[in-house]
Amino acid sequence: MGDPSAEPLYESASTKEMAQRLRDSYAATDWRLDPSKAALRVRYYSAILAKNTLSLHDDTTVREQLAKELLYQGDSDSAVRQLEEVRRRWQRSGETMPVVGVKDLGQWLALAYLRVGEQENCAMMHGQKACLFPLQKGAVHQMPRGAEGAVRELTALLQADANDAQSQWLLNVAYMQLGRYPQDVPKQWLIPTARFASEYPLPEFPEVAAAAGIDIMGHAGGALVEDFDGDGRLDVMVTSSGPMDQMHLFHNNGDGTFTDVTRKSGLVGETGGLNLVVTDYNNDGHPDVLVLRGAWWGKQGCYPMSLLKNNGDGTFDDVTVKAGLLSAHPTGTAAWADFDGDGWLDLFVGHESSAADPHPSQLFRNNHDGTFTEIGAISGLAELGFVKGVAWGDYNNDGRPDLYVSVMYGKNHLFRNDGPRDAKDIRAGWRFTDVTKQAGVDKQDNSFATWFFDYDNDGWPDLFVAGYSLEESSDVGAFEMGKPTHAELPKLYRNMHDGTFKDVTSDVHLDRVILTMGASFGDLDNDGWLDVYMGTGDSTYQALLPNRMFRNDEGRKFQDVTTAGDFGHLQKGHGVAFADLRGVGFEDVFEEMGGAQPGDSYESALYRNPGNGNHSITLVLEGVRSNRAAFGARIDVIVKRKNGEVRHMYRTVGYGSSFGGNPLRQHVGTGDAARVSEIVVTWPATGVVDRIRDVAGDRTYTLREGDGRLQQLPLR
């Protein structure tokens, strides 16, 4: 698979300038507040302990804070030692530690021991089954001291408070790590195995990232799957949010493996990035990339985003300054669309804004010359709050892309695209009408990833919005055990074809996952119905809950197939992509893993699709008068099943998840139909309709706008 450091280095002057700008931004942050600078705070608290003779209470305060920073830094072993020292000092003193202090110390010790176990086993001894929930034989810890310490501490916490849901959940996880679940878990605290049963017999999707050479270690970050070099095979780009974490590009070798080509692709120095978004901003046919940085960090997150121009020869240049996109704001979400129908992709960027730290969101109109003009304020899209997810989609099927904005600490927004404010002067901005309340999509106060997709195949885009909040950390354990919580749940809004939506979350059984960060959709079994995968977690270590996969049962309900497919990774899940990485006609699932803290890193995961007897067709669209990447093109694939039923499968190019990176090519499962009766493509800027009849399945085709015929793409 090659040694990345041996590859020749390509560096453009503009990329070197951005790399220096990123280093300067990192150097300027306040070490006392910057989450990524735990190591400096470790030095600070260590110096206090070394230089001062402190009272027992002050020593406890400083030592516990030092232990927390050690834990955040990733030195879990030292964190355990400091916390155990706190306990020893109280025992030697003869004084009684306050009850609140005892519980707090026990909780932090339990987390520290759990982290020791994860680092010594899941990370350091990474195997195919490591950290996949419920933990089976291949995931049992060979070095048990961490899990044993966690069991000891968690048992003590439960003996003191039998209603401690967080400790009960983590205790069951720790027993799994020891290979002693369920038989050795005290009955009063046992979570029955039936809680984790799959609702459909999906086959296992083995986790093969290490064998594929794509198990890159990272923190919370983004993932994009796209054919970046034009060889017909899908490559993978990954970022990690640590400010100085290098992004990576992996070239698809065509044999199930990947080669790290970061150096020769011109990406060295492009660091950080919680999210990635694909585009073709200059209509040259080469997929470009937008990197988003600084999310969640407030005043410590004022990093620039990067627009990476694909040169078409396997290299990228950072053209952020040249394009007029240079600005420094905390952001993790953006979306591209041709909102004005001129055939060029425009950009909306949602920033994390608050009264104490204002960062207005931005709408950039494409000038057709490689540059953009910002018109967010005059278009009414600037003051939107703490934006966490954005998605374009034509919810009313009028040919204009509308915008949904997902917000933390406030209500979301659905903006209907009503055209130019002044048809004679585009500088007057665009008219976006807030129809959130009348459309019925205002049901959440804290949400994250969002997207439009046609989950029920009725030709009208529906809306998914992930929930993201907890009232308290114990909600994680309570939720996983089926107990009541106050956590924000996701919402699935069904399009009612009249400008309104109906909340069908409970009806379709999607009201059962919390803390969704990365998420995306695709077709696991080629049945033509779009399934959903949700990466879970937050910045805390106690948010140890499995990522969840839901199979779409013909638009009627979603079935939890997490355990059947072995998708239940316990590590933090971020950028998610469904893609046929091997060109075999079935979509694999790639997931970028890792948490926000410097010490909370993990390898990416790749779940290989075992396939079945169903068929599929893949379409690569090229706009002519519409934008070349075909963002917004609507596809209707019509098949006749063996039982005579005529089915429609609807897809839209480009409007994917706000925290996942599916390729622009559209993979459409056709079930038991080996041939497609008809393909209807409606192009976004022109309304041109291409109809192609009687198409052989299990192939990849290209289609140019207005050609009316498919060209088979020979995959090399």
Side-chain angles (χ1 to χ4, degrees), residues 128 132-133 196-209 212 223 225 234 236 256 449 451 453-457 462 464 466 490 492 508-510 512-513 516 518-536 546-569 573 575-591 605-618 637 639 641 647 649-651 656-657 660-663 665-673 697-698:
Q128 183 174 303
L132 297 180
F133 184 89
F196 318 127
S198 181
E199 296 170 358
Y200 182 84
L202 198 73
E204 178 191 357
F205 282 55
E207 201 286 288
V208 296
V225 175
L234 293 171
V236 179
W451 63 74
F453 73 147
D454 192 353
Y455 86 92
D456 54 0
N457 278 327
D462 311 297
F464 175 82
L492 179 63
V508 301
H509 303 168
L510 269 183
R512 44 192 180 152
V513 65
T516 299
S520 193
F521 56 90
D523 189 351
L524 291 173
D525 50 6
N526 277 354
D527 65 353
W529 302 91
L530 290 170
D531 313 304
V532 175
Y533 188 50
M534 303 185 203
T536 58
N547 296 260
R548 305 284 283 277
M549 180 70 82
F550 294 93
R551 176 183 180 268
N552 186 340
D553 183 18
E554 299 186 354
R556 298 170 301 202
K557 64 180 182 294
F558 283 84
Q559 301 161 322
D560 190 330
V561 294
T562 303
T563 54
D566 230 355
F567 296 108
H569 215 302
V576 175
F578 286 72
D580 182 5
L581 289 170
R582 294 165 293 147
V584 296
F586 288 89
E587 290 186 299
D588 308 305
V589 181
F590 178 80
E591 184 175 21
L606 175 60
Y607 304 98
R608 188 180 65 211
N609 196 319
N612 59 24
N614 286 340
H615 304 275
S616 67
I617 192 167
T618 301
V637 174
V639 301
R641 300 186 63 186
R647 287 189 55 201
M649 278 76 70
Y650 296 95
R651 303 290 185 268
S657 165
N662 291 359
R665 63 179 64 180
Q666 296 298 297
H667 174 101
V668 184
T670 59
D672 60 11
D698 300 317

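- To the nearest 0.5 angstrom, Asp588 atom CG is 10.5 Å from Phe578 atom CZ.
- To the nearest 0.5 Å, atoms OG (Ser616) and CG (Asp523) are separated by 8.5 Å.
- Listed by chain and residue number, Phe567 satisfy the ring pair (Phe, Tyr, Trp, His ring centres under 6.0 Å) test with Tyr607 (two or more places apart in sequence, or in another chain).
- Checked against ring pair (Phe, Tyr, Trp, His ring centres under 6.0 Å), Tyr650 has the following partners two or more places apart in sequence or in another chain: His648.
- A donor-acceptor pair is defined here as one N or O able to donate and one able to accept, closer than 3.5 Å; such a pair exists between the side chain of Asn547 and the backbone of Thr536.
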Would Arg665 and Asp580 count as a side-chain contact (heavy atoms from CB on, under 4.5 Å) if you check the C-alpha gap in whole Å, the side-chain angles of each, and the deciding distance to 0.1 Å?
-> CA-CA 10 Å; Arg665 63 179 64 180; Asp580 182 5; over 6 Å; no
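- When every heavy atom of Gly660 is checked against every heavy atom of Ser520, the shortest pair comes out as CA-CB, 4.5 Å.
- No donor-acceptor pair closer than 3.5 Å links the side chain of Glu587 to the backbone N or O of Val589.
- Within the model, atoms CG of Asp560 and CE of Met549 stand 10.5 Å from one another, a figure rounded to the nearest 0.5 Å.
- In terms of the side-chain contact (heavy atoms from CB on, under 4.5 Å) criterion, residue partners of Pro610 (sequence neighbours excluded) are, by chain and number, Pro203, Phe205.
- Shown here are the side-chain contact (heavy atoms from CB on, under 4.5 Å) partners of Leu530, two or more places apart in sequence or in another chain: Phe453, Phe521, Arg651.
- In this structure, Gly256 and Ala212 approach most closely via the heavy-atom pair O-CB, 3.4 Å.
- Between the side chain of Ser198 and the main chain of Thr563, no donor-acceptor pair closer than 3.5 Å is present.
- Of all heavy-atom pairs spanning Glu207 and Leu132, the tightest one is CB-CD1, 4.3 Å.
- Within the 3.5 Å criterion, the main-chain N or O of Gly585 finds a donor-acceptor partner in the side chain of Asn526.
- The structure places NE2 of His667 at 8.5 Å from OG1 of Thr670, a figure rounded to the nearest 0.5 Å.
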Do His509 and Phe550 pass the side-chain contact (heavy atoms from CB on, under 4.5 Å) test, and can you show the C-alpha distance, the side-chain angles, and the key distance before you say yes or no?
-> CA-CA 9 Å; His509 303 168; Phe550 294 93; over 6 Å; no
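- Side-chain contact check for Asn609 versus Arg582: some heavy-atom pair is nearer than 4.5 Å.
- The only member of Arg512, Arg548, Arg551 that meets salt bridge (Lys or Arg N to Asp or Glu O under 4.0 Å) when paired with Glu199 is Arg512.
- Under the rule for a side-chain contact (heavy atoms from CB on, under 4.5 Å), the partners of Asn552 that lie at least two apart in sequence or sit in another chain are Tyr455, Trp529, Asp531, Phe558.
- By the ring pair (Phe, Tyr, Trp, His ring centres under 6.0 Å) test, Phe196 pairs with Phe133, sequence neighbours left out.
- By the salt bridge (Lys or Arg N to Asp or Glu O under 4.0 Å) test, Asp454 is found to be paired with no residue, residues two or more places apart in sequence or in another chain being considered.
- Applying the salt bridge (Lys or Arg N to Asp or Glu O under 4.0 Å) criterion to Arg556, with sequence neighbours excluded, gives Asp553, Glu554.
- By the salt bridge (Lys or Arg N to Asp or Glu O under 4.0 Å) test, Arg608 pairs with no residue at all, sequence neighbours left out.
- Applying the salt bridge (Lys or Arg N to Asp or Glu O under 4.0 Å) rule to Asp698 yields no partners; only residues at least two apart in sequence or on another chain are considered.
- For Ala579, the side-chain contact (heavy atoms from CB on, under 4.5 Å) partners at least two apart in sequence or on another chain are Val225, Leu234, Leu581, Pro663.
- When the ring pair (Phe, Tyr, Trp, His ring centres under 6.0 Å) test is applied to Phe464, the partners found at least two apart in sequence or on another chain are Trp451.
- Under a 3.5 Å cut-off, the side chain of Asn662 and the backbone N or O of Gly522 do not form any donor-acceptor pair.
- For Asn612 (side chain) and Asp525 (main-chain N/O), a donor-acceptor pair under 3.5 Å exists by modelled atom type.
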